[in-house]
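Taking it in order: structure first as structure tokens, then the write-up.
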Amino acid sequence: MSYIDDDRPQQKTAHEIGADLSMLSVDELKARVELLKTEIIRLEAEATRKASGRQAAESFFR
């Protein structure tokens with residue numbers, strides 16, 4: 001009996017900053033670009049949320 005790898009859940013693509021890209025296909029590179037763009041949007045949204053909270057706290061205690 002053999003196991004087929006395609007039946008296993010796909011692991012999410014991760015990207016390590018500075019990783020060797022030479023072995024990745026064009027599709028894999030594009031997927032990583034989209035992953036990083038999504039992460040940038042998430043980081044910017046969190047920074048905005050935290051800045052808003054800080055501004056609200058500062059204005060409250062003035």
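Start at 1 with the first residue, then count along the sequence. Note that this is a predicted model, so its numbers are computed, not measured.
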Seminar exercise, completed: One should read off an interatomic distance between Arg49 CZ and Glu44 CD, to the nearest 0.5 angstrom, of 15.0 Å
For this session: Determine whether His15 and Leu21 make a side-chain contact, defined as any pair of heavy atoms from C-beta on separated by less than 4.5 Å.
Result: yes
For this session: For side-chain contact (heavy atoms from CB on, under 4.5 Å), just list the numbers for Glu39 and Leu43, CA-CA rounded to whole Å, side-chain angles, deciding distance to a tenth of an Å, and then say yes or no.
Result: CA-CA 6 Å; Glu39 185 64 4; Leu43 290 166; 4.1 Å; yes
Exercise. Quick check: does any side chain N or O of Glu28 sit under 3.5 Å from a backbone N or O of Ser25, one acting as donor and the other as acceptor?
Worked result: yes
